[in-house]
Amino acid sequence: MAVVIRIPTWVTFNKIPVGTPAVGLAILNGALGTSLSPGDANPVWQDLQDLDLGGGPLTRGQTLDSLATVDEIQNAAFLEIAQVQLAVGLGGEVDGMLVYFEIDDLTDEVPAEFPNRTYTVLSDPEDLGSGVETVHTWETWGAYEGDSAGDLPVQVGEKWYRTSRNRNNGGDYIPASAWVPASQAGLVVLQSLPEEE
């Protein structure tokens, strides 16, 4: 699955355009530690050009606050976690990106933002109203009996690692908007598994 990035159109211009939403500009300034205003050079513009050269053309939306799309990036190796966090923080989205979550304890619950976080356990199989909502742990989230090894948590050293692929979500990688808040709250997100020592 190729990576698709959607970001507000105003971020795609070489200079911050007149009419840029004040809230979006404030988020960008806060994230970058800048004090940009309309007419200033856009410090993320060159990064966007790199994404375009990575195999996905950038198509702007119809208005400054609509989403522009960078489609079908075939090689996402150069797309950094910090760039994804910024895209999501600005109101965008990144779909199809494989990341790994570093886990201390497989019995911990998955973050609240994750899709398919809960499931229902029936105490009486004949009474559909007897269900108890249960929260997935890292061990059970998105995994099925017989899954390939790449779909299950793997241990490297003292830590466990789980991919962002969720079998309950059609086998797709969960959108970045689901894992970015957890990463900002302390969940370690990596682009590849660490080497075993």
Side-chain angles (χ1 to χ4, degrees), residues 1-14 24 27-28 31-32 42-103 110-117 136 138 141-144 147-154 156 160-195:
M1 175 177 196
V3 174
V4 175
I5 301 171
R6 288 183 296 285
I7 53 172
T9 294
W10 66 267
V11 182
T12 68
F13 288 90
N14 182 34
I27 292 169
L28 183 63
L32 300 178
N42 182 350
V44 299
W45 187 77
Q46 288 182 328
D47 286 339
L48 292 171
Q49 298 312 304
D50 285 344
L51 291 176
D52 192 36
L53 294 171
L58 185 145
T59 305
R60 289 185 172 132
Q62 298 293 319
T63 63
L64 289 177
D65 60 351
S66 62
L67 294 179
T69 303
V70 182
D71 267 333
E72 302 291 319
I73 296 174
Q74 300 301 323
N75 181 359
F78 301 107
L79 181 59
E80 299 172 8
I81 300 290
Q83 293 169 318
V84 174
Q85 290 170 328
L86 180 58
V88 170
L90 290 169
E93 183 64 271
V94 178
D95 288 311
M97 185 173 179
L98 168 64
V99 293
Y100 295 86
F101 307 118
E102 184 178 274
I103 307 155
V110 296
E113 298 83 4
F114 275 35
N116 305 306
R117 180 178 189 257
H136 275 292
W138 283 108
W141 177 78
Y144 289 99
D147 273 347
S148 69
D151 294 331
L152 300 172
V154 295
V156 179
W160 288 90
Y161 298 87
R162 175 72 174 83
T163 71
S164 55
R165 184 169 184 246
N166 184 337
R167 292 289 300 272
N168 291 326
N169 198 35
D172 294 336
Y173 301 115
I174 63 173
S177 60
W179 56 260
V180 163
S183 72
Q184 293 167 333
L187 176 65
V188 176
V189 180
L190 306 170
Q191 288 180 264
S192 62
L193 285 173
E195 300 282 330

Applying side chain to side chain contact (heavy atoms under 4.5 Å, CB included), run through V3 and Y173 and close with a yes or a no. CA-CA 10 Å; V3 174; Y173 301 115; over 6 Å; no
Whether [X] side chain and [Y] backbone form a donor-acceptor pair below 3.5 Å:
X	Y	answer
E113	S177	no
R117	P111	yes
T9	S66	yes
N42	V11	yes
Q83	V44	no
W138	V110	no

For D65 and T63, does a side-chain donor sit closer than 3.5 Å to a side-chain acceptor? yes
Pair L28-W10, side chain to side chain contact (heavy atoms under 4.5 Å, CB included): steps then yes or no: CA-CA 11 Å; L28 183 63; W10 66 267; 3.9 Å; yes
Interatomic spacing from CD1 in I81 to CG in L190 - rounded to 0.5 Å: 7.5 Å
Search all heavy atoms of [X] against all heavy atoms of [Y] and return the closest pair with its distance.
X	Y	answer
M97	Q191	CE-NE2, 3.6 Å
W141	N116	CD1-O, 3.6 Å
P43	L32	CG-CD1, 3.5 Å
A176	E93	N-OE1, 3.1 Å
L152	R162	C-CD, 4.4 Å

Partner of I7 under side-chain contact (heavy atoms from CB on, under 4.5 Å), chosen from L67, T12, L90: T12
Would you mind telling me which of T69, D71, L79 makes a side-chain contact (heavy atoms from CB on, under 4.5 Å) with I5? L79
Dump the intermediate steps for side chain to side chain contact (heavy atoms under 4.5 Å, CB included) on W179 and V84, then the final yes or no. CA-CA 10 Å; W179 56 260; V84 174; 3.7 Å; yes
Evaluate E72 against V4 for side chain to side chain contact (heavy atoms under 4.5 Å, CB included), listing each step before the verdict. CA-CA 5 Å; E72 302 291 319; V4 175; 4.3 Å; yes
Heavy-atom distance under 4.5 Å between the side chains of Y161 and P194, does that happen here? yes
What orientation do F114 and F101 show, parallel under 30°, tilted 30 to 60°, or perpendicular over 60°? tilted
